Amino acid sequence: DAGVTQSPTHLIKTRGQQVTLRCSPKSGHDTVSWYQQALGQGPQFIFQYYEEEERQRGNFPDRFSGHQFPNYSSELNVNALLLGDSALYLCASSFGGGGTEAFFGQGTRLTVV
Amino acid sequence: AQSVTQLGSHVSVSEGALVLLRCNYSSSVPPYLFWYVQYPNQGLQLLLKYTSAATLVKGINGFEAEFKKSETSFHLTKPSAHMSDAAEYFCAVSKNQAGTALIFGKGTTLSVSS
């Protein structure tokens, strides 16, 4: 049983560029949440997708956007990258709009230079 | 607004010693509280969670935590540390028992020496 998979594992981008991160949920899950974990900090909730719609959102600017596909996989897009966007981006999946325990992927390490 | 505070960014213990990682919460409603562990270059793994069914919660790998409303605390303990317990530990709070839109503390790094 494949768990939550994220791609790529590492990424280096230049300030001002745009980036897309991808997440495939655990088998049987239909809900995807994204978190940003800056170095030395705890993860911060970005948003959650269920039934292809953004259901909840944390305190992040509109530069952060997402999408969920019919197969429940999800993308996180960040526009106009800032140095401060450098972080580990974690994806978590669950079932039923978050009605079950969330399982986390290993994350994508984004470095903005 | 909900929040959690983890006291001590680093905790060092000897193998076989008691592990105590501290977490205090702030919530205007009954909280759902969680402890997660993160090993290097890995995602987060749920250790245990409090959902009001019992104040003493047992989790995986011998960890347990006690919910104390009077102290607004949810400290994580393990009677005897193993080398494999060395990792980053996060306390988190959520508005629901499934743990969506989690609010995390800053984390505590646990080091275990032989």
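Being a predicted model, the structure only gives us computed values, none of them experimental. Naming convention: chains lettered A, B, ... in sequence-line order (proteins, then strands); numbering from 1 in each chain. Values reported hereafter were calculated over all heavy atoms of this structure, with side chains retained and with hydrogens, waters and symmetry mates removed.
A:Asp85 and A:Arg63 are joined by a salt bridge, as a carboxylate oxygen and a charged side-chain nitrogen come within less than 4.0 angstrom of each other.
Taking the side chain as every heavy atom from C-beta outward, B:Phe34 and B:Leu102 approach each other to under 4.5 Å.
Looking at every heavy atom in both residues, A:Gly107 comes nearest to A:Leu90 through CA-CD2, 3.8 Å. Taking every heavy atom of both residues into account, B:Ala86 and B:Val112 meet most closely at N-CG2, 4.1 Å. Scanning both residues, B:Leu47 and B:Phe63, for their nearest heavy atoms gives CD2-CD1, 4.0 Å.
Proximity to chain B is limited to the side chain of A:Leu88, based on heavy atoms less than 4.5 angstrom apart.
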Determine which donor-acceptor pairs between chain A and chain B fall under 3.5 Å and list them with their distances.
from    : atom 1 : to       : atom 2 : distance (Å)
A:Tyr35 : OH     : B:Leu102 : N      : 3.0
A:Gln37 : OE1    : B:Gln38  : NE2    : 3.2
A:Gln37 : NE2    : B:Gln38  : OE1    : 3.0

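Taking CG of B:Leu21 as the reference point, atom CG of B:Leu7 lies at 10.5 Å (rounded to 0.5 Å).
Ranked by heavy-atom pairs under 4.5 Å with chain B, the first of A:Pro43, A:Gly40, A:Gly42 is A:Pro43.
Partner B:Leu48 forms a side-chain contact (heavy atoms from CB on, under 4.5 Å) with one of B:Ile60, B:Leu33, B:Leu76 and no other, that one being B:Leu76.
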